[in-house]
Amino acid sequence: MTVVVGGGIAGLIAAWALARAGTRPLLIEARGYTGGLIAGLPVPGTDIVADIGAESFATRGGHVARLLSELDLPSAPPAGRSWVLADDGRAIRIPAGILGIPGSLDDLTDALTDDELVIARADLTMGPDAGADCADLASFVTARLGAAVLDKLVAPVAGGIHSAPPSKLSVDVVAPGLRAATRDHGSLLRAVVALRHLPTPPPVVEQVVGGMHRLTATLAREIEAAGGEIRTRTGVSALRPDGGRWILDVAPMTPARGPELVRAGEPTELAADRVVLACSGPQALDLLATAIGVTPWDMPTGSPIAHLTMLLRAPGLDFAPRGSGMLTAPGAPARAKALTHMSEKWPWLGDALRAELGASHHLVRMSYGRHDEPYPEPTVAAALSDLTRMTGVELTADDILAHRLIRWDGTLAPPTPAHRAAVAALADRLANVPTLAATGAWIAGSGIAAIVPHARAAAEKVCPA
Ligand SMILES: Cc1cc2nc3c(=O)[nH]c(=O)nc-3n(C[C@H](O)[C@H](O)[C@H](O)COP(=O)(O)OP(=O)(O)OC[C@H]3O[C@@H](n4cnc5c(N)ncnc54)[C@H](O)[C@@H]3O)c2cc1C
């Protein structure tokens with residue numbers, strides 16, 4: 001028997017690949033539902049289910065697009081550009097580029113001062129070696145383009161996406177190929193142009209039409225249709241080798257929705273020939289410790305994340321003053337880290353909302369939680385005031401039809417250079433254990449685009465074609 005531990009996107013893909021290969025995998029998930037950080041909830045008063053966790057996938061590599069075509073799920077890019085709220089309160093359009101790193105300085109005369117532009121322009125002539133040894137995003141961008149580009153553009157964009165400061169993000173993980181391209185082109189600006197195919201860049205991200213939760217729901221259905229089994233509210237607390245097989249300690253779990261996973265009964269033993277670990281990082285490391293003697297390391301922890309989503313009836317938002325959304329620079333006059341105008345960003349959602357509720361209805365998500373700030377406790381009044389400040393549209397409490405606060409504390413651990421080095425050593429170790437694989441965000445790299453090929457490879461490793 002092949003067991004997959006963890007029913008987030010990584011475990012679902014591994015189990016789906018195993019099921020398609022003719023194995024009948026058993027997927028064990030601690031919570032009462034599969035999908036993990038990809039989840040949807042109904043918009044109040046409608047039949048529309050909107051994403052509350054991950055809402056898009058990076059198009060790089062084409063791995064997710066290939067998966068979606070195999071599952072017959074259409075996807076579409078977001079509509080509208082996005083903006084940054086600068087520390088002086090100005091709204092700046094995010095330049096076309098990578099994580100706020102521009103491909104050209106031509107459109108940045110509003111964002112940067114003349115002196116800052118001179119510093120950034122030096123990138124074109126400083127040669128390939130400057131910054132070549134910088135493993136984290138902050139020092140790399142600063143070495144090539146100066147501190148202003150980092151603070152005004154990259155910190156809000158990369159910080160908004162990865163919920164971590166650029167100093168904690170490995171360049172090679174969050175912007176694969178960027179350091180190599182900078183060496184090849186002798187310039188970071190030219191590397192961005194080449195990698196993003198500027199000036200006519202293809203979309204960086206897309207979403208499954210109807211929401212990313214459709215992807216995980218479809219995978220779960222396909223696993224069961226192919227003879228696999230999904231056992232929810234069941235946790236694995238230990239894994240050990242036993243004469244060429246694996247023994248898992250498996251226990252019932254309480255139906256907690258918060259971050260804690262709590263056992264609801266005594267564990268029993270389950271024997272497996274092959275195991276794919278696709279649970280969250282700390283749990284996977286504990287299991288790997290007893291399975292193959294890995295010494296757990298201090299994994300980076302993610303910031304608290306609070307999303308206050310509001311359903312509004314507000315004609316002032318009809319013209320989408322901030323396109324698909326706005327990120328805030330550190331020190332900007334708003335507490336929110338980001339605003340996502342969800343019904344503008346994803347056209348299917350706006351269309352569905354207007355069809356069910358009528359004109360001028362909007363779904364807006366305000367994101368809170370930074371690594372260096374007190375624990376976020378956003379109120380509706382504060383979110384409304386941030387929304388007004390960020391859009392320039394005067395809004396009142398009467399405009400809000402419903403709201404919901406969702407927390408994702410600690411779920412987005414930054415891929416630090418030290419963590420990546422530990423993961424690389426672990427991968428070498430696992431290569432010598434043919435019946436055991438590990439996958440998931442913590443080991444695959446950043447986001448769904450990295451997880452999809454990694455999880456498929458994990459299934460292929462334990463069950464070669
Ligand atoms: C708010 C938010 C927004 C995001 N936006 C994006 C985005 O737009 N694009 C993008 O690419 N990525 C995004 N991400 C990141 C992306 O969602 C994750 O990287 C990805 O979903 C992680 O999948 P996973 O399967 O590795 O882990 P998870 O989804 O965490 O799944 C792991 C599963 O293992 C289970 N588990 C843990 N321990 C055990 C155990 N002992 N036994 C059994 N089961 C166990 C857990 O309950 C969980 O269901 C976002 C994340 C968040 C939180």
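Start at 1 and go down the list; that is how both ligands and their atoms are numbered. In this chain, numbering begins with 1 at the start of the sequence shown.
From the protein, the heavy atom lying nearest to atom 12 (N) of ligand 1 is G447 CA, 3.8 Å. With hydrogens left out, the protein atom closest to atom 42 (N) of ligand 1 is V236 N, 3.1 Å, a heavy atom. In terms of protein heavy atoms, atom 29 (O) of ligand 1 is closest to L37 N, 2.9 Å. In terms of protein heavy-atom proximity, atom 4 (C) of ligand 1 is nearest to A54 CA, 3.4 Å. The closest protein non-hydrogen atom to atom 33 (C) of ligand 1 is E29 OE1, 3.6 Å. Scanning all protein heavy atoms for the shortest distance to atom 36 (N) of ligand 1 gives C279 CB, 3.6 Å. Of the protein's heavy atoms, I451 CD1, 3.6 Å lies nearest to atom 20 (C) of ligand 1. The closest protein non-hydrogen atom to atom 7 (C) of ligand 1 is S56 O, 3.3 Å.
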>> Determine whether R322 and E344 satisfy the following criterion, salt bridge (charged side-chain N to carboxylate O under 4.0 Å, His left out), listing intermediate values before the conclusion.
In response: CA-CA 10 Å; R322 294 296 171 242; E344 171 67 20; over 6 Å; no

>> The test is side-chain contact (heavy atoms from CB on, under 4.5 Å); show your working for Y368 and E373 and say whether it passes.
In response: CA-CA 10 Å; Y368 293 84; E373 288 180 355; over 6 Å; no

>> Between L384 and I400, is the side-chain contact (heavy atoms from CB on, under 4.5 Å) condition met? List the steps.
In response: CA-CA 9 Å; L384 196 63; I400 302 176; 3.7 Å; yes

> Are D386 and R335 close enough, and set up right, to give a salt bridge (charged side-chain N to carboxylate O under 4.0 Å, His left out), and what steps lead you there?
Replying inline: CA-CA 7 Å; D386 282 346; R335 295 299 302 272; over 6 Å; no

>> Using the rule given for side-chain contact (heavy atoms from CB on, under 4.5 Å), can you reason through I52 versus W408, listing the C-alpha separation, both sets of side-chain angles and the distance that settles it, and then say yes or no?
In response: CA-CA 10 Å; I52 57 165; W408 294 104; 4.0 Å; yes

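For a threshold of 3.5 Å applied to N or O pairs, the pair formed by H307 and ligand 1 contains no separation below that value. For a threshold of 3.5 Å applied to N or O pairs, the pair formed by I38 and ligand 1 contains no separation below that value. Residue contacts with ligand 1: G53 is placed with no nitrogen or oxygen under 3.5 Å of a nitrogen or oxygen of the ligand (distance criterion only). Taking only nitrogen or oxygen atoms, main chain and side chain alike, I305 does not reach within less than 3.5 Å of ligand 1.
A donor-acceptor pair shorter than 3.5 Å cannot be found between the side chains of R31 and T254. Side-chain contact annotation: Y375 with R407, donor-acceptor N/O pair under 3.5 Å present. Side-chain contact of K345 with S56: a donor-acceptor pair under 3.5 Å is absent, judged by distance alone. Donor-acceptor pairing under 3.5 Å is recorded for the side chains of W297 and H419.
Neither the backbone nor the side chain of M212 comes within contact range of ligand 1; no heavy atom lies under 4.0 Å. At a heavy-atom distance under 4.0 Å, only side-chain atoms of L412, from C-beta outward, approach ligand 1. Counting heavy atoms closer than 4.0 Å to ligand 1, residue T411 contributes side-chain atoms (C-beta onward) but none from N, CA, C or O. Contact annotation: for A278 versus ligand 1, heavy atoms closer than 4.0 Å belong to the backbone alone. Counting heavy atoms closer than 4.0 Å to ligand 1, residue T234 contributes backbone atoms (N, CA, C, O) but none from C-beta onward. With a 4.0 Å cut-off on non-hydrogen atoms, L261 touches ligand 1 through its side chain and not its backbone. Contacts between L287 and ligand 1 below 4.0 angstrom, taking non-hydrogen atoms only, are absent altogether.
Inter-residue side-chain proximity for M326 and V84 is flagged as unmet; no heavy-atom pair is nearer than 4.5 Å. The shortest side-chain heavy-atom distance between L270 and L26 falls under the 4.5 Å cut-off. Put simply, the side chain of P165 reaches to within 4.5 Å of the side chain of K168, judged on heavy atoms. Between V157 and L153, every side-chain heavy-atom pair lies at or beyond the 4.5 Å cut-off.
For D47, the CG atom is loosely surrounded, since the number of other residues' heavy atoms within 6.0 Å does not exceed 12. Within a 6.0 Å radius of CZ in R196, more than 12 heavy atoms belonging to other residues, nucleotides or ligands are found.
Within the set I9, T439, I406, the minimum heavy-atom distance to atom 23 (O) of ligand 1 is found for I9.
Closest of all the heavy-atom pairs between M366 and L387 is CE-N, 3.8 Å.
Listed by atom number, the atoms of ligand 1 under 4.0 Å from V5 heavy atoms are 42 (N), 43 (C). Every atom of ligand 1 with a heavy atom of R31 under 4.0 Å away is listed here by number and element: 47 (O). Interface atoms of ligand 1 facing A441, defined by a heavy-atom separation under 4.0 Å, are 19 (O), 22 (C), 26 (O). Every atom of ligand 1 with a heavy atom of G36 under 4.0 Å away is listed here by number and element: 29 (O), 49 (O). For ligand 1, the atoms lying closer than 4.0 Å to a non-hydrogen atom of A10 are 25 (O), 26 (O). Residue I28 approaches ligand 1 through these ligand atoms, each under 4.0 Å from one of its heavy atoms: 43 (C), 44 (N). Under a 4.0 Å criterion applied to the non-hydrogen atoms of Q283, ligand 1 contributes the atoms 38 (N). Short contacts between ligand 1 and G440, defined as distances under 4.0 Å to a heavy atom of the residue, involve ligand atoms 26 (O).
Within 4.0 Å of atom 27 (O) of ligand 1, not a single protein heavy atom is present.
To the nearest 0.5 angstrom, I223 atom CD1 is 14.0 Å from R24 atom CZ.
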